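In what follows, a structure is listed as structure tokens, so that the remarks can point back to it.
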Amino acid sequence: MTFRSLLFVPGTRPDRFGKALDAGADAVCIDLEDAVPPAGKGEARASALAFLAAPRTAVVGLRINGVRTLEGLKDLVALAESDVRPDFLMIPKVAAPEDLLTAGEVLPGLPLWPVVESAEGVRRAFEICAAPGVAGALFGGADLSADLGSTMDWDALLLGRGTLIAACGRAGVASLDVPHLNLADPDDLAASTLRAKALGFTGRSCIHPAQVAAVNAAYTPSPAEIERARRVVEAFDAAGGAAALLDGKLIELPVIRAARRVLDRA
């Protein structure tokens, strides 16, 4: 389960659920957590379940509240007691693999996306990402910066990003970077998304439909990248799986793996 882009939509705005599906994101995630004030949790939950109960042609997930909170437990009970199932379940504030156990047992078979957004979560990221049912993980940079007392600048959160990417890579699951929070700076959105891609993230989350096109563009291989990847694979195959030269550059197994990832994405 890999997305170039994932668009969050507040659970308090059911009028935007359908519009979010038309924004071009690979997945939409209805948010019952940070985007919903305490007084609106019940109404948002009911609106999300009603929307998810209807037929849909797009990938739609649900971010519940933390499973160590009463509202998170209410979210799980409401899902378990209904016939409604999102395409995936995003679980915030995951600090240990045990935080995923209840969701996995109550809703078996549902792909889980933990949000790693604390110092303890980063410390245990390898265990979290390898837990049963995990399909990918989201880097929660805003909460992590608050936990660390740092800024959200790239360098300040580089260790957290790198640790989560390594954990996801080891577990063979997808990874999404934190949304770009400054809607007034599309240039930095594009630049920071390319940096996230270069670091190893498989996609990025978005908080506004206007961000989706730039994120999709960053994670969609260009015709030149696709042609280069095809030539690399062909040269390697022609050499019988041995190291080869292409345009004066050495081609061996790690290069082949990268080329095949490009072709898979294309």
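The figures that follow rest on heavy atoms only: side chains count, while hydrogens, waters and symmetry mates do not. Note that the structure is predicted; figures quoted are calculated from it, not measured.
Rounding to the nearest 0.5 angstrom, the gap separating the CE atom in M152 from the CG atom in N182 is 11.0 Å. Between R195 atom CZ and R161 atom CZ the span is 8.5 Å, to the nearest 0.5 Å. Note that CG of D26 and OG1 of T2 are 9.5 Å apart. Values are rounded to the nearest 0.5 Å. One distance of note links OG of S145 with CG of L157; it measures 6.0 Å at 0.5 Å rounding.
Partners of F139 according to the ring-ring contact (aromatic ring centres under 6.0 Å, His included) rule, which considers only residues two or more places apart in sequence or in another chain, do not exist here. For P132, there are no side-chain contact (heavy atoms from CB on, under 4.5 Å) partners, not counting sequence neighbours.
Using modelled atom types, no side-chain atom of D31 and backbone atom of P10 make a donor-acceptor pair closer than 3.5 Å. T202 places a side-chain N or O within donor-acceptor distance of the main-chain N or O of S175, the cut-off being under 3.5 Å. Between the side chain of R85 and the backbone N or O of L79 there is at least one donor-acceptor pair closer than 3.5 Å. K41 places no side-chain N or O within donor-acceptor distance of the main-chain N or O of E71, the cut-off being under 3.5 Å. No side-chain donor-acceptor contact under 3.5 Å links R13 to the backbone of V9. A donor-acceptor pair under 3.5 Å links the side-chain atoms of Y219 to the main chain of F201, judged by distance alone. With Q211 contributing its side chain and H180 its backbone, the two residues share a donor-acceptor pair below 3.5 Å. In this structure, S205 contributes its side chain and D177 its backbone to a donor-acceptor pair below 3.5 Å. Not one N or O on the side chain of T163 forms a donor-acceptor pair closer than 3.5 Å with the backbone of G160. For the pair R4 (side chain) and R204 (backbone), a donor-acceptor distance under 3.5 Å is absent.
Closest non-hydrogen pair, K197 versus A218, comes out as NZ-O, 3.0 Å. Nearest heavy-atom pair across I128 and G121 is CD1-O, 3.7 Å. Of all heavy-atom pairs between A80 and V106, the closest is CB-CG1, 3.4 Å. Nearest heavy atoms, R260 versus D237: NH2-OD1, 3.8 Å. The two atoms that bring A103 and L112 nearest to each other are CB-CD2, 4.3 Å, heavy atoms only. Taking every heavy atom of both residues into account, P37 and T12 meet most closely at CD-CG2, 4.0 Å.
A salt bridge is defined here as a Lys NZ or Arg NE, NH1 or NH2 lying under 4.0 Å from an Asp or Glu carboxylate O, and E120 with R123 meets this definition. A salt bridge links D143 to K93: one of the charged nitrogens lies within less than 4.0 Å of a carboxylate oxygen.
Both L199 and V122 are members of a single hydrophobic cluster when ILVMFWY side chains are connected at heavy-atom separations under 4.5 Å. Cluster annotation: V67 and I30 are assigned to the same hydrophobic cluster (Ile/Leu/Val/Met/Phe/Trp/Tyr, side-chain heavy-atom contacts under 4.5 Å, transitive). L107 and F51 fall within a single hydrophobic cluster, where Ile, Leu, Val, Met, Phe, Trp and Tyr are joined by side-chain heavy atoms under 4.5 Å apart, directly or via other members. Clustering ILVMFWY residues whenever any of their side-chain heavy atoms sit less than 4.5 angstrom apart, transitively, puts W113 in a cluster other than the one holding V215. Under the 4.5 Å side-chain heavy-atom criterion for ILVMFWY residues, no single connected hydrophobic cluster contains both I207 and L6.
The local environment of CD in E98 is crowded, with over 12 non-hydrogen atoms from other residues, nucleotides or ligands closer than 6.0 Å. Summarising the local packing, CZ of R170 is surrounded by 12 or fewer heavy atoms from other residues, nucleotides or ligands at distances under 6.0 Å. Residue-environment remark: CG (D247) exceeds the threshold of 12 foreign heavy atoms within 6.0 Å.
Taking 4.5 Å as the limit, every side-chain heavy atom of D99 sits out of range of all side-chain heavy atoms of P114. For the pair L7/P209, a side-chain contact is recorded, criterion being any heavy-atom separation below 4.5 Å from C-beta on. Residues V94 and V115 fail the side-chain proximity criterion, which asks for heavy atoms closer than 4.5 Å. Between L189 and C206, the closest side-chain pair of non-hydrogen atoms is not below 4.5 Å. Proximity of C168 to V173: side-chain heavy atoms (C-beta onward) are separated by under 4.5 Å at one or more points. You'll find the side chain of L158 reaches within 4.5 Å of the side chain of W154, heavy atoms only. Looking only at side-chain heavy atoms (C-beta outward), V262 and R228 stay at 4.5 Å or farther from each other.
Side-chain contact of S5 with N216: a donor-acceptor pair under 3.5 Å is present, judged by distance alone.
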Evaluate the side-chain contact (heavy atoms from CB on, under 4.5 Å) criterion for residues K249 and V255: first the C-alpha distance (whole Å), next the side-chain angles of each, then the deciding distance (0.1 Å), finally the verdict. CA-CA 10 Å; K249 295 181 180 179; V255 179; over 6 Å; no

Given the rule in the side-chain contact (heavy atoms from CB on, under 4.5 Å) test, do F17 and V28 qualify, once you have shown the distances and angles that lead to the verdict? CA-CA 9 Å; F17 293 172; V28 168; over 6 Å; no

Residues L164, C129; criterion side-chain contact (heavy atoms from CB on, under 4.5 Å); working and verdict: CA-CA 8 Å; L164 182 62; C129 294; 3.8 Å; yes

Would you please test L263 and I226 for side-chain contact (heavy atoms from CB on, under 4.5 Å) and show each step? CA-CA 6 Å; L263 296 178; I226 295 170; 4.1 Å; yes

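For the pair R63 and F8, the cation sits on the ring face: its NZ or CZ lies under 6.0 Å from the ring centre, inside 45° of the axis.
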